Amino acid sequence: MYKLLLGILSLSLTGCLDTKEKTLEEKNQGLVYCAEANPVSFNPQVTTTGSTIDIIANQLYDRLISIDPVTAEFKSELATDWKISKDGKSVTFTLRKGVKFHTTAYFTPSREFNADDVIFTFSRLFDVYNPYHFVGNADYPYFQSVGIDQLIRQIVRVSDYQVRFELFNAESSFLANMATDFAVVLSREYAMQLKQREQLNLFDQYPVGTGPYIYKEYRRDHLVRYYRNPDYWKHHVVLEQLVYDITPNGTTRIAKMLTKECDITAHPSSAQLSILAQRDDINVQKETNLNIGYWAFNTQRPPFDDLRVRQALAHAIDVEKIMQAVYYGNGIRAQSLLPPTSWAYQAQPKLPTFNPDLAKKLLIDAGLPNGFDMTIWAMPVSRIYNPNARKMAELMQSDLRKIGVNVSIVEYEWNTFIQRIGEHRHDSVLLGWAADTPDPDNFFSPLLSCTAAFSGKNSANWCNPEFDLLLTQALDTTDLTKRKEYYQQIQAMLINELPLLPLAHGMRFQASSADVEGIPLGPFGAISLANARKK
Amino acid sequence: MVLHYILRRLGLLFFMMFTLSVFTFSLSYLFPGDPLSNLSGISNTSFSQTSELQEKYHFEDNYLIQYFAFLARIVQGDWGLSFASGDSVFSHIIGLFPATLELSLYALIISVVVGVPAGIFAAAYHHRWPDKLVNSTTLVGYSMPVFWLALLLIMVFSLQLGWFPMSGRMGLLYEIPYQTGFILLDIILADFPYAGMAMLDALHHLTLPTIVLAMYPTTVLVRFTRESMLHVLDQSYIKTARAKGLNRAQLIIHHALRNALLPVIKQIGLQFSTLITLAMITEVIFSWPGIGRWLIDSIYQRDYPAIQGGLLAVSMFVILATIIAELTYTLFDPLSRNQAHGKV
């Protein structure tokens with residue numbers, strides 16, 4: 001038996017020793033990125049799941065404009081120029097010439113990108129006559145939660161390379177929303193071909209974009225494969241192949257980094273960062289990030305409809321302990337829903353502190369002296385804002401037991417989880433949000449507005465007309481000091497009403513092999529691998 | 001005589017398949033939730049869809065008719081849709097089974113190639129040091145839980161030494177089109193510029209899972225071969241042969257081997273069911289994209305149609321493998337045909 005084992009060993013060893021110095025070209029054959037979940041869709045318009053957006057948005061597509069992560073100014077992408085009318089109600093984009101859509105196994109473009117594609121892409125969000133509007137139940141969670149679908153009156157084709165967005169009212173976050181990872185441009189020609197073949201449902205599964213990589217294949221629970229886009233308009237793409245290895249388990253991702261099966265890994269858990277930091281061949285990047293991890297209550301379901309109950313629960317939780325045990329000191333204790341780096345941030349003095357006695361008193365006031373049973377839904381994946389929701393839920397479970405509240409923890413596979421949260425089947429949930437733009441509205445409208453409650457993105461299931469009014473007022477003005485005032489009122493109101501308890505702002509981490517470069521970590525938005533290369 | 005025996009086995013096969021299908025069918029009622037969506041894999045249906053499904057699945061009729069409709073669908077390959085992926089369960093099974101089969105097959109080959117000679121060797125040197133060495137080694141291998149062994153090997157050979165990868169069937173950057181589902185075959189069939197490197201890489205990935213999976217059946221075969229050999233060596237015809245002056249090698253090769261290996265052949269077939277069970281654990285640990293990992297994921301995700309289909313496929317396979325092993329055994333050993341009753 002040993003002989004055979006030895007034989008196999010030596011055979012494989014010669015395999016190891018055989019690897020001579022590789023040339024740069026060979027090294028850049030491909031890059032493996034260990035991702036934490038299956039992509040839900042290949043169209044960023046129809047999802048807000050961060051793990052999906054990281055895989056698809058910046059790799060397959062381009063936006064009209066983007067936001068510079070350093071200066072926070074708008075940058076041109078597919079639009080070379082944009083003009084806002086005096087009343088702020090119309091925005092005209094001048095489009096880039098000579099941009100080609102992907103040529104794939106299922107589509108060959110006959111023309112270059114132009115105004116028709118922009119009109120098609122954005123009219124899908126609101127125009128019931130767009131053949132694709134109702135595909136996938138007309139669900140556009142990000143755009144619906146920020147109200148873009150209600151904002152655009154029409155999109156006018158000025159010329160082949162000019163489009164004008166006409167709005168119902170001037171909204172200060174319109175351009176910022178157009179610069180998010182969700183606002184990508186799709187091919188109208190491809191859409192019409194699928195329509196002719198009556199295969200509308202394939203549109204969101206087999207993507208065609210203008211981005212640096214071209215879709216090749218997706219195997220559920222296994223991998224997503226992209227190839228280089230040889231005609232990318234912005235720059236030469238170095239990597240021949242980009243593969244996403246779908247590895248939901250965080251420890252496995254770290255182990256794969258150590259065995260060199262992955263070149264980059266998403267969200268290494270902070271508990272394991274020390275292992276990675278010891279290695280010379282692995283780099284760990286760390287960046288402050290606009291995000292928030294929170295505990296949301298289903299405010300439509302008793303007893304969570306009672307403010308005193310929500311306050312009691314908030315007072316019963318020892319957040320300091322969570323900061324140490326879950327974030328390992330790599331997070332900032334939240335003082336408001338907005339992170340401190342946002343310009344509208346204001347620390348909230350009324351934020352509930354750890355006080356079990358007060359919590360018990362509040363429960364008695366609410367008529368629940370004997371406590372009650374509830375569920376905490378813990379997200380099954382590790383995200384920036386919450387590296388380990390399961391552990392957090394367990395800590396909270398023991399804290400809450402002390403005030404007589406019995407908690408059972410609920411977990412599902414990530415996509416099922418998101419879907420059931422959207423149907424508001426939970427009592428409370430540990431979730432979070434990573435910003436797509438530096439605009440403060442990005443933290444409120446997508447998470448807590450009434451429209452977000454209808455679209456299922458509002459995990460607190462909270463709809464307060466007063467709150468929505470404040471949000472609209474903040475958006476209606478372009479005066480920065482006035483906006484700031486509104487956002488401070490909004491933050492204060494949230495803490496008073498407590499539909500959710502802000503817990504912490506996580507740091508964003510990324511681990512990569514030392515020979516990989518060109519993968520910047522931004523303070524907001526999804527990861528871009530357009531410039532990734534091996535050296 | 002042989003025909004009669006085969007007919008009896010087929011009768012047994014039929015009966016077991018029947019029990020299995022009844023059990024699988026009743027699962028859709030035993031699982032929580034709506035039996036109709038458990039069977040079809042389509043949930044949240046509209047009213048018209050529901051009535052269409054009810055008609056297709058004969059839900060208006062009695063259980064017997066429902067059961068026969070179920071059987072008809074199983075034969076046609078319509079096993080419902082998976083809740084998690086929305087794809088047909090049958091296509092999942094067809095796509096994933098070869099990976100499991102491949103891994104189990106290699107493990108079985110290793111265990112036969114290693115286990116049988118080791119057992120003969122131990123019996124030949126009964127109560128001497130080679131016997132003791134083999135015996136104590138198998139005892140360790142026999143008592144070691146497979147997941148622990150897997151983690152140990154990963155710790156040492158993947159994480160510490162970095163010799164072997166710890167997951168998957170091959171490096172993801174090799175794009176091998178799916179043809180047979182057997183990775184080594186697919187590499188040979190694919191017209192791929194780096195076929196040699198890809199092959200080496202696939203073997204590299206295969207090493208650890210195969211060793212882990214082969215460990216248990218190898219030790220069982222070693223012990224079994226040793227016992228059987230000792231039993232045969234104790235027979236009077238061997239004693240006679242020895243008295244005639246044959247040496248040990250002649251004795252074993254010409255006289256004892258054929259008789260000693262007969263029960264071993266049967267044992268090899270029976271190992272298949274253990275192998276499939278162990279393969280599930282191995283697949284989960286090494287992220288091997290086979291049916292076991294998929295089935296366990298489905299259980300986590302409460303994907304009832306997938307659990308149902310997966311169980312049916314795996315059990316059917318184990319039953320078939322066992323019966324085929326028995327039939328082969330019978331061809332070699334005429335004595336066993338006299339058994340009046342089936343044995344599994």
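Computed over heavy atoms, backbone and side chain alike; hydrogens, waters and symmetry mates excluded. So you know, we letter chains A, B, ... as the sequences are listed, proteins then strands, and number each from 1. Source: prediction; values computed, not measured.
- Residues Tyr227(A) and Glu175(B) approach most closely at OH-OE1, 2.7 Å, considering heavy atoms.
- For Tyr300(B), the OH atom is loosely surrounded, since the number of other residues' heavy atoms within 6.0 Å does not exceed 12.
- Residues Met166(B) and Thr252(A) share a closest heavy-atom pair of CE-CG2, 3.9 Å.
- The candidate with the highest count of non-hydrogen atom pairs below 4.5 Å against chain A, out of Ser287(B), Ser167(B), Pro117(B), Gly171(B), is Ser167(B).
- In this structure, chain A has a heavy atom under 4.5 Å from the backbone of Tyr174(B), while its side chain stays farther away.
- Counting non-hydrogen atoms of neighbouring residues, nucleotides and ligands closer than 6.0 angstrom, the CZ atom of Phe97(B) exceeds 12 such neighbours.
- For Lys216(A), the part lying under 4.5 angstrom from a heavy atom of chain B is the side chain only.
- Of the listed residues (Asp221(A), Leu258(A), Leu242(A)), the one with the most heavy-atom contacts under 4.5 Å to chain B is Asp221(A).
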Candidate pair Leu172(B) and Glu261(A), rule side chain to side chain contact (heavy atoms under 4.5 Å, CB included), full reasoning: CA-CA 9 Å; Leu172(B) 297 180; Glu261(A) 282 165 75; over 6 Å; no

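- Scanning all heavy atoms of the two residues, the minimum distance from Leu31(A) to Leu173(B) falls at N-CD2, 3.9 Å.
- Within 6.0 Å of the OH atom in Tyr142(B), the count of heavy atoms belonging to other residues, nucleotides or ligands does not exceed 12.
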